[in-house]
Amino acid sequence: MAPYYTHRRVLAASLVGTAVEFYDFYIYGTAAALVFGPLFFPGESGSAQLMYSFMTFGLAFFARPVGAIVFGHYGDRIGRKSTLVASLMLMGGSTLLIAFLPTYAMAGWIAPLLLCILRFGQGFGLGGEWGGAALLAVENAPPGWKSRFGMFPQLGAPVGFIAANGLFLLLGLALDEAQFSSWGWRIPFLFSALLVGLGLWVRLKIGETPDFSEAIETGKPAGIPLGELFRNHLVATFAGTFAVVACFAIFYLATSFALAHGTAVLGYPKEQFLLIQLGAILFMAGGIIFAGYTSDARSAQRVLTWGCGATVLVGFVFGPSLASGSWLIIFLGLAAALFVMGLVYGPLGSWLTALFPVRVRYTGASVAFNAGGILGGALAPIVAQALAERGGTELVGLYLALAGVVSWIGLMMVRRQAA
């Protein structure tokens, strides 16, 4: 019987949990692109509102390394399962509370302050999510299946995106602009409570990973995992940080920035653009699956290298395709970018976790992944918006090309170890 079927509960927990977490993260990104500017930062120009909104979006990326350190510490000392449950509850609670926030018109400066606090809570919880989910899958994988098992947490990203943007699309079709801006945007945040309940139910039914159980039986856990990580695995940590930059840059440029810039600046209708993105995200799922199978057949290092080269090429066509005014060209540009994102994202579960020993693996994978998110994700919409204002969308693709080069440098830093 194929390992997929004998490990269904573990794979479901790694997939469903990350899907819930990324749904929570993406609904914030979509709301930031569409409504948070005027609701929480009135009195500014439209461009300034969008910039402030994206700054709150980027705040979570700075919270994620902090969450990675805290959850990584406990994940390496007390276990993967309980740490993953705690991260999901923090992320879900922060997301649910956003639904009840007052706007600036209701509470003044307190409203954006509360928004920033809850956004920090979202990022703090997500900081412990991906690393734990990747370990849950990879540490349960049979020999020769690590990349295919490791791709399941990554598949939670397109699932969460489809759920988030699909719900926003339905709300856009059912409500007029006034209704959506007044109360409709709160519904996706309320709906997250049901998804978090589902994620908790799945995760509470799984056990500890064999690798961690064996490590605890044969020796004491690391006293301070972060200290041991920096003393003995600093090069691997920097390499992992650089290697994940490309996947974050592609995703947030092709989703949050493209949606905001396309609707607010280029004048594309919101519902049609969301529909285009929903179709393009399927290519990301295809890229992740292709990368997972190919990584087991060849190597994760090789597939990631291909993806970095493709990221540079996509950078030259991303901006012109977004500004083309043709729905077909826009779709092809987004689909190509997101397929390439699958190539540089799908193998990370097996590649990144293999850089670190079991005793500091949760901390190492989480810190590297989330620190790379600052370079590739937090800055992406802000820098892209500034580049677009200075020289049009053609300049935006340069950020993507640079991200591909940075990730390639990270891969080269540990080429022998990864091989």
Side-chain angles (χ1 to χ4, degrees), residues 1-25 71-72 74-93 125-163 191-217 221 285 288-289 291-293 295-296 300 342 345-354 358 361-362 365-366 369:
M1 183 177 292
Y4 284 134
Y5 298 101
T6 58
H7 295 80
R8 283 180 296 182
R9 185 170 293 177
V10 168
L11 295 177
S14 64
L15 172 64
V16 173
T18 52
V20 172
E21 296 271 6
F22 280 103
Y23 166 86
D24 288 358
F25 213 69
F71 287 110
Y74 291 105
D76 283 326
R77 288 188 54 81
I78 66 175
R80 314 326 194 189
K81 174 184 174 178
S82 55
T83 306
L84 276 170
V85 169
S87 70
L88 183 64
M89 292 181 65
L90 176 59
M91 176 77 179
L126 190 55
E129 167 58 32
W130 183 89
L135 294 188
L136 182 66
V138 172
E139 290 184 350
N140 279 286
W145 287 75
K146 289 191 180 297
S147 290
R148 279 169 284 182
F149 271 52
M151 75 183 180
F152 273 81
Q154 276 77 286
L155 286 173
V159 171
F161 179 86
I162 290 171
F191 186 70
S192 70
L194 298 176
L195 299 179
V196 170
L198 173 63
L200 288 174
W201 178 73
V202 172
R203 284 192 170 169
L204 288 171
K205 288 181 172 291
I206 61 173
E208 195 51 77
T209 69
D211 287 8
F212 181 79
S213 299
E214 181 182 352
I216 291 297
E217 290 175 2
I288 291 172
I289 295 171
Y293 275 84
S295 294
D296 277 334
Y345 187 45
L348 284 179
S350 61
W351 183 85
L352 194 55
T353 57
V358 174
R361 186 174 288 165
Y362 202 130
S366 298
F369 184 78

Taking only residues two or more places apart in sequence, or in another chain, which ones meet Asp76 in a side-chain hydrogen bond (donor to acceptor under 3.5 Å, both in side chains)?
-> Arg80, Thr363
Restricting to pairs with a member in residues 208-217, which pass salt bridge (Lys or Arg N to Asp or Glu O under 4.0 Å), not counting sequence neighbours?
-> Asp211-Arg361
Taking only residues two or more places apart in sequence or in another chain, which ones pass side chain to side chain contact (heavy atoms under 4.5 Å, CB included) with Ile206?
-> Arg9, Ala13, Lys81, Leu136
Here the gap from Asp24 atom CG to Leu195 atom CG, rounded to the nearest 0.5 Å, amounts to 7.5 Å
Salt bridge (Lys or Arg N to Asp or Glu O under 4.0 Å): pairs with one or both residues in residues 195-204, sequence neighbours excluded | Glu129-Arg203
Side chain to side chain contact (heavy atoms under 4.5 Å, CB included) with Ser147: which residues, sequence neighbours excluded?
-> Ser295, Asp296, Ala300, Ser350
What heavy-atom pair brings Gly346 and Ala291 nearest, and what distance separates the two atoms?
-> CA-CB, 4.3 Å
Side chain to side chain contact (heavy atoms under 4.5 Å, CB included) partners for Leu194, two or more places apart = Phe191
What closest approach, in Å, do Phe71 and Gly125 show between heavy atoms, and which atom pair accounts for it?
-> CE1-CA, 4.1 Å
Give the minimum heavy-atom separation between Thr353 and Ala134, together with the two atoms involved.
-> CG2-CB, 4.2 Å
Leu198 side chain reached by Val20 side chain, heavy atoms, under 4.5 Å = no
Which heavy atom in Leu11 sits nearest to a heavy atom in Phe152, and how many Å separate them?
-> CD2-CD1, 3.8 Å
Residue list, side chain to side chain contact (heavy atoms under 4.5 Å, CB included) with Pro210, at least two apart or on another chain | Asn140
Closest non-hydrogen atoms of Gly128 and Tyr362, given as atom of the first, atom of the second and distance, are O-OH, 2.6 Å
Once you round to the nearest 0.5 Å, how far does CG of Leu15 lie from CD of Gln154?
-> 10.5 Å
Side chain proximity check, Phe149 to Pro142, heavy atoms < 4.5 angstrom | yes
Here the pair of heavy atoms bringing Ile289 nearest to Met151 is CA-SD, 3.8 Å
Could you pull out all residues at least two apart from Thr83 that satisfy side-chain hydrogen bond (donor to acceptor under 3.5 Å, both in side chains)?
-> none
Partners meeting ring pair (Phe, Tyr, Trp, His ring centres under 6.0 Å) with Phe369 (sequence neighbours left out) = Trp130, Phe248
